[in-house]
Amino acid sequence: MEISVNLSTRFPHILSSPLPSSFSAGSSLPALRPSHNSATAAKTTITIVVKEQTPATALISRRNHKSNSYLSRKSAVLQVQQSSDLASSLQRFGGILKVQDLNAILRHFGEQNRWPDLSQLFNWMQQHGKTSVSSYSSYIKFLGKSLKPLKALEIYNNITDESTKTNVFICNSVLSCLVRNGKLDSGIKLFDKMKQNGLTPDAVTYNTLLTGCIKVKRGYSKALELVQELKHNGLQMDSVMYGILLAVCAANSLHEGAESYFNCMKDEGHSPNPFHYSSLLNAYSSVGNYEKADELVQEMKSSGLVPNKVILTTLLKVYVRGGLFDKSRELLAELDTLGYAEDEMPYCLLMDGLAKAGRLDEAKAVFSELKEKSVKSGKSPPLDDDLFLQDL
DNA sequence: ATAGGGTTAG
């Protein structure tokens, strides 16, 4: 059976809008070929050949239908992601998108820091009943990243379904959002409520709260309480947990505690990674113990790890705190050679140490070097020559 | 289908 159709009159939108980029020629479109049997037809007339279906072709047809719907969903995801008018593209494509597609778009917006789009999409998903647990945990995580902990709490508090409210992923997201925004105490209070409501915390839950102990006063004793609780709940210490505890020790200048956790984790069969080495080095920096720091970096190298920018910058901090300024300058030169001195941090470390040791001329010399090299200043305000000299 | 956790300065 053959049917001739004039596409330009029947399906004008096919001709006027470009095919989505994910369509490749001849992929899984119905058999289309130009009409040869009508000399009078316009160029846009094509013939669609519809073959009679046998059971076998029916199966193929069902498969093609499935893959067509997958292709059109995939292209709709791209259209929505790239759209400059989210509301209208959701109106156009929202109907064919499944929750998992919308979650992928949500994560895409979050990774690109497109906060207004993120919220607009989540609102749309809620209004159309197209959310899952993953939507909530992703959205709340990104609200934490965009510094909107109150908004995250509002979303969480408006969840009515009890099992959703005590879902460990969602709870971890909310807690992480609070901790990230400096609200550890509120986080711990909420954590207690969550447990009362039936949350079974896991290692990630505890690690989230332990992270909050890094930059907080009395953080070490809070961390110890959490460790006690997680062990009581039958949870094991994992590699990330050791990393956080090492950071807590470093932040509280507890180099002996850090050393003991470091050895403990090795005894339990966890190989230290750059995070662990960096935190232990940082703990050594508080007492300027450069012998132990050098030894540790050697150990790191012989384990097959290459010291990265953070490791070498932290080692510089140890040298500076230990008063080894010649060694510090050598290491700073090495950092520069490796391309690790593109921002101001290592220079600031050295200048700070020199200034505190009363070696002002040397500090000024480092400052001049910093200015000559057009070093980037990151988040902090640019260094001002006059202000700096005033401080000296 | 499938989300949530760790490192460097003042």
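Quick note on labels: first sequence line is chain A, next is B, and so on, each numbered from 1.
Screening A:Asn172, A:Asp238, A:Asn233, A:Thr211 for a side chain to side chain donor-acceptor pair (under 3.5 Å) involving A:Tyr206 leaves a single residue, A:Asn233.
The distance from atom CZ of A:Phe109 to atom P of B:dA3 is 18 Å, rounded to the nearest whole Å. Atom CD1 of A:Ile311 is separated from atom P of B:dT8 by 11 Å (rounded to the nearest Å). If you take CG of A:Leu209 and P of B:dG6, they are 11 Å apart, rounded to a whole angstrom. Spacing between atom CZ of A:Phe191 and atom P of B:dG4 amounts to 19 Å, rounded to whole angstrom units. Taking atom CG on A:Asp343 and atom P on B:dT8, their separation rounds to 14 Å, with Å as the unit. Taking atom CG on A:Asp101 and atom C1' on B:dT2, their separation rounds to 14 Å, with Å as the unit. Straight-line distance from the CG atom of A:Leu335 to the P atom of B:dA9: 14 Å, rounded to whole Å. Taking atom OH of A:Tyr156 as the reference point, atom P of B:dA3 lies 20 Å away to the nearest angstrom.
When heavy atoms are screened at a 4.0 angstrom cut-off, A:Ser239 is found touching base atoms of the nucleic acid. Looking at heavy-atom distances under 4.0 Å, A:Val168 makes contact with a base. Residue contacts for A:Ser176: at a heavy-atom cut-off of 4.0 Å it reaches the sugar-phosphate backbone alone, with no base atom in range.
Of the residues in residues 214-221 of chain A, those placing a heavy atom less than 4.0 Å from an atom of DNA chain B are A:Ile214, in numerical order. Heavy-atom distances under 4.0 Å link DNA chain B to A:Thr314, A:Lys317, A:Arg321 of residues 314-322 of chain A, given in residue order.
Among the nucleotides B:dT2, B:dG6, B:dA9, the one closest to any side-chain atom of A:Ser134 is B:dT2. Counting only heavy atoms from C-beta on, A:Asn172 has its side chain closest to B:dG4 among B:dG4, B:dT7, B:dA3. Here the nucleotide nearest the side chain of A:Gln100, chosen from B:dA9, B:dT2, B:dG4, is B:dT2. When distances are taken from the side chain of A:Val310 to each of B:dG4, B:dT7, B:dG6, the shortest belongs to B:dT7. When each of B:dG4, B:dT2, B:dG10 is scored by its nearest atom to the side-chain atoms of A:Arg107, the top-ranked nucleotide is B:dT2. Of the candidates B:dT2, B:dG10, B:dG4, B:dG4 carries the atom nearest the A:Asp202 side chain, counting heavy atoms from C-beta on.
In this pair, A:His270 and A:Tyr242 present their aromatic rings tilted. The plane angle is within the 30 to 60° band. Ring-plane geometry between A:Phe122 and A:Tyr139 is classed as parallel, the angle between the planes falling under 30 degrees on a 0 to 90 degree scale with a further cut at 60.
Using modelled atom types and a 3.5 Å distance limit, the side chains of A:Arg92 and A:Ser89 yield no donor-acceptor pair.
Of the charged side-chain nitrogens involved, at least one lies within less than 4.0 Å of a carboxylate oxygen, so that A:Lys222 and A:Asp185 count as a salt-bridged pair.
In this structure, A:Phe169 forms an aromatic stack with the base of B:dA3, since both conditions hold: centre separation below 5.5 Å and plane angle below 30°.
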>> Run the salt bridge (charged side-chain N to carboxylate O under 4.0 Å, His left out) test on A:Lys317 and A:Asp352 for me, step by step, so that the C-alpha distance in whole Å, both residues' side-chain angles and the decisive distance to 0.1 Å come before the verdict.
In response: CA-CA 10 Å; A:Lys317 190 175 153 189; A:Asp352 182 58; over 6 Å; no
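With a 4.5 Å cut-off on side-chain heavy atoms, A:Lys327 and A:Asp294 count as touching. For the pair A:Ser132 and A:Asn103, the minimum side-chain heavy-atom distance is below 4.5 Å. Between A:Lys292 and A:His255 the shortest side-chain heavy-atom distance does not fall below 4.5 Å.
Annotation: salt bridge (charged side-chain N to carboxylate O under 4.0 Å, His left out) contacts of A:Asp202 (sequence neighbours excluded): none.
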